[in-house]
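Proteins come first, then strands; the chains are lettered A, B, ... in the order of their sequence lines, and each starts at number 1.
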Amino acid sequence: MFKLWLSIKKDTRILLRDKVGILLMFIMPIILVVVVTSIQNSTFELVNKNKLPILICNKDTGKASVQLIAAINKIGMFKVTQISKEKEKTVADEMHDQDALLGVVIPANFSERVSAKAKNVSGKALTSFGLQADTIKKEAGGIDPLTLYYNPVLQESLRFSVQGAIQSALQLVESRQTLRTLYFSINEKPLPEKLENEMLSSQTTINMFPVSKDGVRTTPNASQHNVPAWTIFAMFFVIMSLGGSVVREKISGSFIRLKTLPTSYLVGLLSKQITYLCVTLLQAIVIFSMGIWLFPYIGLPALNLPSDIFALFIVTLVCGWCAVSYSICVGVFAETQEQANGFGAVSIVILACIGGLMVPSFAMQGLAKTLSNFSPMHWCLQAYYTLFLEGGKLKDVLNNIGSLFIITLIIQFITYLGLKRKNLI
Amino acid sequence: MAVNESLAVSIENVGFRYPGNTDVSFSNLNLQIAKGERFGLFGPNGAGKTTLMNLMTGVLSVNEGSIKLFEQKVDGQNKAVNKLFGFVPQDLSFYQELSPAENLEFFGAWAGLNKTEIAKQTDELLHILGLEDVRDKAVGKFSGGMKRRVNLAIGVIHNPQLLFLDEPTVGVDVQTRHAIISYLRKLNENGTTLIYTSHQLSEAEDLCEHIALIDEGKIITQGNINAVLKEHSNESLEELFINLTGKAYRN
């Protein structure tokens, strides 16, 4: 125990004197968490709270286009700005000038075509009801398409939402016109407005609730998503200090001397694991504290800790141990510090990618989804999300902890083999 | 003549080759070093001095034969034998970020000393080697000579019966060399067996009683330094060295 204690003391002293290492392990992840959360929060707000700016160039002079614009406005997700109809060719320029993400051009004969289509459809309906002979002329053609311009930064999913919303507005306008025509053909008087509204308005509303394990229905914010995810990344960032430290010790003469002393090098490795495990726990404490207390001061939503703090501690502990084990493993196999740092940095970014830190693993398909199971970050992230977003308890994350634990043991075994093969123990 | 007739080091029929290397480093090597000797191991670059020292200290494992220190077999798994010797490698083998006192504390613990013994040995060694004033300063900022003294202090902190020194005075000034050699003599007077390599042949001549000259993995000559010089009709170790190993460059 005395040897282990003094080894921990030695590793801690070296760590505290490595200013660059501390910077990489603490300051960089903190900056990363703040920056990513800020960006994602602004995206969250753009999608959830703010309205998407949309320019509409109406080349039509009839009523249907006015109804369409009113319907688009009513959807609630757009901030509509109308531009002069002469400007169709420069809608893209207008979008740039006015910071609009979307632009819609309504064709010149829109109302006329909607009306013609309505007459055609209602005629067919009357014939089908047996109320009128089929004297309706065949429609010359369909309605000219609306043109939707979009900024390429819009993600595909958001673009499809926009398309769906405009399509529903369009359908409303067409349905209204068909209904009016049909009603007039039967009753020879206009459709009463009240009845029209009743017939066209949706009778079924949709209520939305987040599903959590503890029954709390709080909508997760950007901090709940980002802080746990980037805390995992920060923990794995210890590789920049620890991997290099193992290589430095290995290639410097001190390792030769350690080999000649009556103590197993496993004591040294255990000491490094304990020291850096404390570092990872400290990283988590610092980043979580920042999320709780600092974020509200810089305009970001505060992080809410899970109700099961013990589960959070266990997940963080196992994740930290895995990160430390991985760093030591890389350090044992690397021949130089440059190799350890280069491979270490790239490999944790890859593990983060396949682990779902950058793209959610539920969105992955096939091989990528299978690969994600091999990333320790995946299991840790799932455990954190269960605790932070779903209000889960320890029993809900045991599966994730178990998988993480098995991966860690495999890494430790590989490290042992590496040490044996290189005659280091 | 050895102070004690029993052996500090016994190398019997040792064969060794580096993994993946077809060249044999040592084949059927035999060498005995008595307790209390000041033994010098010399040879040109690449002769196998450091390899032999690494085999004797268990850093490398022999392929054939055996090496015993004080009758205990050197084996990477047998850590008990490691208590018997100290090692001062050619490379500066300590943590540059730590102070001399912190290095001694850590290596002292790994050498098997307790807290009291570490404190006592640290004070004594830092005093003897003139490092008291800088005991708490990071070694990384020290001069080459000071670093060599720290390197030596760590090797002897547990008062080993046998001390391996691989070029302990390389790159140091005259004062530091003098201090180190004096200290090594003192250790030897107190019973520590010294096994020493160096390219400073005049220094070696001054320090060593017995020598072995090795080249290409073979011992060319060995014995009492004066007897060896007489046998080969040479006046100095340098002359003997050139005569037996030639003038050609070695890599």
Side-chain angles (χ1 to χ4, degrees), chain A residues 1-23 241-242 244-272 274-275 331 335-337 416-425, chain B residues 18-19 50 53-54 56-61 69 74 76-99 101-118 136 138-140 147 151 154-155 157-158 160 162-164 166:
Chain A
M1 277 306 282
F2 180 60
K3 289 176 184 178
L4 180 63
W5 166 240
L6 281 187
S7 301
I8 292 171
K9 219 167 141 182
K10 179 264 294 179
D11 284 326
T12 308
R13 281 170 171 158
I14 291 174
L15 179 69
L16 291 175
R17 288 164 200 180
D18 179 11
K19 302 283 183 285
V20 177
I22 291 175
L23 196 76
S241 173
L242 178 53
S245 157
V246 173
V247 176
R248 214 162 45 234
E249 195 163 78
K250 214 172 62 177
I251 61 176
S252 77
S254 52
F255 192 79
I256 297 289
R257 199 196 287 274
L258 291 178
K259 277 197 78 176
T260 65
L261 292 171
T263 301
S264 169
Y265 186 60
L266 290 175
V267 175
L269 287 183
L270 186 61
S271 148
K272 284 190 194 302
I274 293 170
T275 307
E335 300 291 337
T336 63
Q337 226 174 315
Y416 177 79
L417 292 181
L419 287 167
K420 272 276 178 204
R421 195 172 70 91
K422 295 193 171 193
N423 200 26
L424 299 177
I425 53 170
Chain B
Y18 282 99
T50 300
M53 213 164 247
N54 285 339
M56 287 191 280
T57 53
V59 173
L60 295 172
S61 301
L69 305 181
V74 177
Q77 305 305 313
N78 176 21
K79 285 284 182 185
V81 73
N82 294 33
K83 285 183 179 172
L84 304 175
F85 68 86
F87 184 32
V88 182
Q90 185 178 342
D91 292 330
L92 296 168
S93 306
F94 45 74
Y95 297 96
Q96 304 271 348
E97 303 90 337
L98 303 182
S99 69
E102 289 165 346
N103 268 298
L104 287 167
E105 182 185 45
F106 169 70
F107 285 106
W110 273 54
L113 302 185
N114 62 33
K115 196 177 174 182
T116 316
E117 289 166 335
I118 290 171
D136 297 319
V139 181
K147 286 179 181 175
N151 206 31
I154 295 168
I157 188 160
H158 57 301
L162 170 64
L163 183 62
F164 293 97
D166 193 357

Quiz prompt | Heavy-atom closest contact (B:Pro160 atom, B:Leu163 atom, distance) | solution =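 Closest heavy-atom pair between B:Pro160 and B:Leu163: CG-CD1, 4.4 Å.
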Exercise. Kindly compute the distance separating CE (B:Met56) from CG (B:Leu162), expressed to the nearest 0.5 Å.
Key: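 One gets 8.0 Å once the value is rounded to the nearest 0.5 Å.
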Quiz item: Rounded to the nearest 0.5 Å, what separation is found between the CG atom of A:Leu261 and the CZ atom of B:Phe106?
Solution: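 Separation between the atoms: 8.0 Å.
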Side chain / backbone / both / neither for [X] at chain A, heavy atoms under 4.5 Å:
X	value
B:Leu98	both
B:Ile118	side chain
B:Phe107	both

Exercise. Determine the option with the most heavy-atom pairs under 4.5 angstrom with chain B, choosing from A:Arg248, A:Glu249, A:Arg13.
Key: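 Most pairs with chain B among the choices: A:Arg13.
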Quiz prompt | B:Asn151 side-chain N/O to B:Phe94 backbone N/O, donor-acceptor pair under 3.5 Å | solution =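 Side chain of B:Asn151 to backbone of B:Phe94, a donor-acceptor pair under 3.5 Å: no, none is there.
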